[in-house]
Amino acid sequence: MLAVMNQKGGVGKTTTTLNLGHALARQGRRVLAIDLDPQAHLTAGLGALRRNQPGVDVLMLGEASLEDAVVTVRDNLDLLPAGERLGELEHLQDGGARRGFLLRDALGEVADYDAILIDCPPSSGILGMNALLACREVLIPVAGDFFSLQGLARLMAIFTHIEETLKREIHKWVVLTRFHARRRLAREVREKLLDHFPGQVLCTPIRESVALAESPGFGQTIFEYQARSNGALDYQALADDVWQRRTLSVEEMSHAG
Ligand SMILES: Nc1ncnc2c1ncn2[C@@H]1O[C@H](COP(=O)(O)OP(=O)(O)OP(=O)(O)O)[C@@H](O)[C@H]1O
Ligand SMILES: [Mg+2]
C-alpha cells in the first residue's frame with residue numbers, strides 16, 4: 001500500500017496515482033486506487049465521477065462497506081471514489097487519536113490487490129494522516145522547480161513524527177515530475193534530491209508533457225489518450241521502477257550529467 005503524498009499542490013500526485021495505477025494494471029497486477037482528496041480529481045480523471053456516489057467518505061464514516069463503494073474502472077483497476085462528504089472528514093472534531101485510523105480500520109485486511117495507491121490531498125491534515133497510518137510506504141512526487149524543495153523539510157518532519165508514534169519506519173520513494181531535462185534548474189533539483197534521499201529516488205523522471213495534462217479532461221489515462229507519448233513511456237517505466245524497486249544512484253547521475 002502506497003500513499004502518494006506531498007502537501008504542496010500541483011506537483012503531480014493525482015497524475016501519478018492515475019497513470020501509475022493504470023500502468024501496473026496493464027501489466028496484469030490487481031490495483032486499487034483510492035481518491036482521498038475532496039477535490040475528487042482522481043475520480044474525475046478516470047471518468048468515474050457520479051452524483052451521490054458512495055466512496056471512501058462513507059467507508060471511513062462507517063456507513064458503507066468496501067464492496068458498496070468500490071467501482072471497477074478498467075481491467076484490473078478498481079477505484080474507491082472520493083465521495084461528497086470527504087471534506088467533512090478533514091474537519092472532524094471528535095474521535096481524538098482514533099480519527100487518524102479511520103481508513104486503516106475501514107480497509108481492514110484487503111488482500112485482493114497486488115497494489116493499493118492512495119491519492120492524497122495537498123494538505124497535511126486528518127486525511128493525509130489517515131493515508132500515512134494505513135500505509136507502509138509513501139511515494140513523494142517532486143516537481144522540478146525551486147519551490148518544490150522548500151516544502152520537503154516539513155513533509156519529512158511529519159513522517160518522522162508518525163514514525164516515532166508508530167515505532168516503525170515508513171519507506172519513502174521519490175519521483176521527479178514535470179521534469180525538463182534540458183533545464184539546468186531541473187537537473188539541480190534532481191541532484192539535491194539524490195543528496196537528501198539516497199537510494200530512494202526512482203530511476204524514471206516523468207517529463208513535462210502536454211498529453212499528460214490533457215488526458216484527464218477526457219476521463220482517460222495516458223495509455224488511452226496517447227499510448228505512444230512520452231508520458232505513457234515514462235509512467236510505464238515508472239511502474240517497473242516501483243515494482244523492481246529501481247532507484248538512481250549518485251554514480252549513475254554523474255555519468256548522465
Ligand atoms: N508531467 C506532466 N506534464 C504536464 N502536465 C502535468 C504533468 N504532471 C501533472 N501535470 C498537470 O499539472 C497539474 C497538477 O497536476 P496534478 O493534479 O497531478 O497535481 P496534484 O499534486 O495532484 O495537485 P493537487 O495538489 O491539487 O491535488 C494538472 O493540470 C496536471 O494535468
Ligand atoms: Mg491531486
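Each ligand, and each atom within it, is numbered from 1 in the order the structure gives.
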Pair [X] + [Y], salt bridge at N-O below 4.0 Å:
X	Y	result
E208	R183	no
E188	R184	yes
R50	E84	no

Residue pair S123 / E90, side-chain donor-acceptor N/O under 3.5 Å: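 The answer is yes; a qualifying pair exists.
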Under 3.5 Å side-chain donor-acceptor pair for T16 and Y235: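 A pair is found: one side chain offers a donor N or O, the other an acceptor, under 3.5 Å apart.
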Considering all heavy atoms, the nearest V71-P81 contact: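 Heavy atoms only, the tightest pair is CG2-CG, 4.1 Å.
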[X] neighbourhood, listing ligand 1 atoms whose heavy-atom distance to it stays under 4.0 Å:
X	result
L212	1 (N), 2 (C), 31 (O)
V11	19 (O), 20 (P), 21 (O)
S209	2 (C), 3 (N), 4 (C), 5 (N)
I206	1 (N)
G9	25 (O)
D37	27 (O)

Test item, Q39 contacting ligand 1 (heavy atom, 4.0 angstrom): yes
Side chains of L42 and L79 in contact at under 4.5 Å (non-hydrogen atoms): yes
Nearest protein heavy-atom contact for [atom]: which residue, which atom, what distance?
atom	result
atom 20 (P) of ligand 1	K13 N, 3.5 Å
atom 29 (O) of ligand 1	A213 CB, 4.9 Å
atom 19 (O) of ligand 1	G12 N, 3.0 Å

Evaluation steps, side-chain hydrogen bond (donor to acceptor under 3.5 Å, both in side chains), between R178 and S148: CA-CA 11 Å; R178 317 203 62 167; S148 294; over 6 Å; no
With [atom] as the reference point, say which of [options] has the nearest heavy atom.
atom	options	result
atom 22 (O) of ligand 1	T14, L176, T15	T14
atom 24 (P) of ligand 1	G10, S123, C120	G10
atom 11 (C) of ligand 1	R178, R207, H41	R178

Verify atom 2 (C) of ligand 1: protein non-hydrogen atom under 4.0 angstrom away: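 Given the 4.0 Å limit, the answer for atom 2 (C) of ligand 1 is yes, a protein heavy atom qualifies.
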Under-4.0 Å heavy-atom contact between protein and atom 5 (N) of ligand 1: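 True for atom 5 (N) of ligand 1.
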M5 vs F159, side-chain contact (heavy atoms from CB on, under 4.5 Å): CA-CA, chis, key distance, verdict: CA-CA 11 Å; M5 189 168 223; F159 293 152; 3.9 Å; yes
Any donor-acceptor N/O pair, D119 side chain to D35 backbone, under 3.5 Å: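 No.
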Whether H22 and F223 hold their rings parallel, tilted or perpendicular, with breakpoints at 30° and 60°: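 The rings of H22 and F223 stand perpendicular, inter-plane angle above 60°.
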Shared hydrophobic cluster, V4 / L212 (ILVMFWY, side-chain heavy atoms < 4.5 Å):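 Yes, one cluster joins them.
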Residue pairs involving residues 216-243 (criterion salt bridge (Lys or Arg N to Asp or Glu O under 4.0 Å); sequence neighbours excluded):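 Passing the test, one end in residues 216-243: R74-E224, R207-D234, D241-R246.
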Polar protein atoms near the Mg ion (ligand 2) [N, O or S; cut-off under 2.8 Å]: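 The answer is T14 OG1.
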